[in-house]
Amino acid sequence: MGKPVLVIGNRNYSSWSLRGWLAMRKAGADFEELRLPLDTDEFAERIPDLSPTGRVPVLRDEGLVVWDSLAIAEYANERWAGGRLLPADSAARAEARAMMAEMHSGFLELRARMPMNCRAEQRRVPVDDALQADIDRVCSLWATCLDEHGGPWLFGGFSLADVMYVPVAIRFHNYQVELPAPAHAYMATVFADPDVKSWVELGRAEPEIVEADEAGT
Ligand SMILES: N[C@@H](CCC(=O)N[C@@H](CS)C(=O)NCC(=O)O)C(=O)O
């Protein structure tokens, strides 16, 4: 049997790809990556045979196709990590999953107006009430988790909740968002992580520009 293959988009821009990849890395999976840059002819030609939604990330493992970041994270945790990437306590596990789901389906202002862009350091985007509400909600979730579980990650040790929020930390850093102290503490943990560092460095080195994801000045 070949290794599982994780198809990702640009490291620089694709926050969902980062989530799928980080879950695989932290689960200890031995996998190959196939990078298809977004908005290219190569992506358009190859993705229909790889992903039923035409989107990335998609994981292909021994005939199984898992086509969504949240499902990839849960699958990686079960298949390679023995479940250790979610809290052992069922109440904490439910909270972690609620936070993951909230990220996956919510924070629409933040996602639209602050696209993940590893290269775009020291930019700013206008922050109106709707965007500030998303920022405040994320900060409140992070502060509560760090307080309740003691840090340095959201639920103590690294978990799938962190998988979902790492790209938000990259956005907050790069768009120079004003943040309370617990958010700064969490982001220091995120940016010290070797897997996150490696993704961001490789993302910054990519040559492709996707104009739609170039926000801020
Ligand atoms: N809900 C999906 C979202 C995936 C998604 O939107 N991926 C974007 C890249 S970050 C994509 O593949 N865009 C290509 C396109 O829509 O053509 C997930 O969580 O995996």
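Since the structure is predicted, the reported quantities are computational estimates derived from the model, not experimental observations. Start at 1 and go down the list; that is how both ligands and their atoms are numbered. One-based numbering along the sequence shown.
In terms of protein heavy-atom proximity, atom 17 (O) of ligand 1 is closest to F43 CE2, 4.0 Å. Protein heavy atom in closest approach to atom 15 (C) of ligand 1: G54 O, 4.2 Å. Of the protein's non-hydrogen atoms, the one nearest atom 13 (N) of ligand 1 is L38 CD2, 4.0 Å. Considering only non-hydrogen protein atoms, atom 3 (C) of ligand 1 sits nearest to W16 CD1, 3.7 Å.
The closest approach between any non-hydrogen atom of P57 and ligand 1 is below 4.0 Å.
Centroid-to-centroid, the aromatic rings of Y165 and W153 stay 6.0 Å apart or farther.
Of the N or O atoms in V56, one or more lie within a sub-3.5 Å distance of an N or O in ligand 1. For a threshold of 3.5 Å applied to N or O pairs, the pair formed by R55 and ligand 1 contains at least one separation below that value. For ligand 1, the polar-atom distance check finds an N/O of S69 within less than 3.5 Å of one of the ligand's N/O atoms. Checked against a 3.5 angstrom limit, the closest N/O atoms of D68 and ligand 1 fall inside it.
Put simply, the side chain of R119 gets close to the backbone of E206: a donor and an acceptor are under 3.5 Å apart.
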Which donor-acceptor pairs under 3.5 Å do the side chains of residues 36-44 make with protein atoms, sequence neighbours left out?
residue : atom : partner : partner atom : Å
T40     : OG1  : P37     : O            : 2.6
T40     : OG1  : F43     : N            : 3.1

Validation: residues 27-34 side-chain donor-acceptor distances under 3.5 Å, sequence neighbours left out:
residue : atom : partner : partner atom : Å
D30     : OD1  : K3      : NZ           : 3.2
E33     : OE1  : R11     : NH2          : 2.2
E33     : OE2  : W21     : NE1          : 2.8

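No more than 12 heavy-atom neighbours from other residues, nucleotides or ligands sit within 6.0 angstrom of CD on E178. Around atom CH2 of W67, no more than 12 heavy atoms belonging to other residues, nucleotides or ligands sit under 6.0 Å away.
In summary, K26 and D193 engage in a salt bridge, as defined by a charged side-chain N under 4.0 Å from a carboxylate O.
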How far apart are the C-alpha atoms of R79 and Y75, what are their side-chain angles, what is the distance that settles it, and do they pass the side-chain hydrogen bond (donor to acceptor under 3.5 Å, both in side chains) test? CA-CA 6 Å; R79 173 128 161 69; Y75 178 72; 3.1 Å; yes
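Residue-level proximity to ligand 1 for R19 is absent, since no heavy atom of it falls below 4.0 angstrom.
Counting atoms of ligand 1 from 1 in the listed order, those under 4.0 Å from a heavy atom of S14 are 9 (C), 10 (S).
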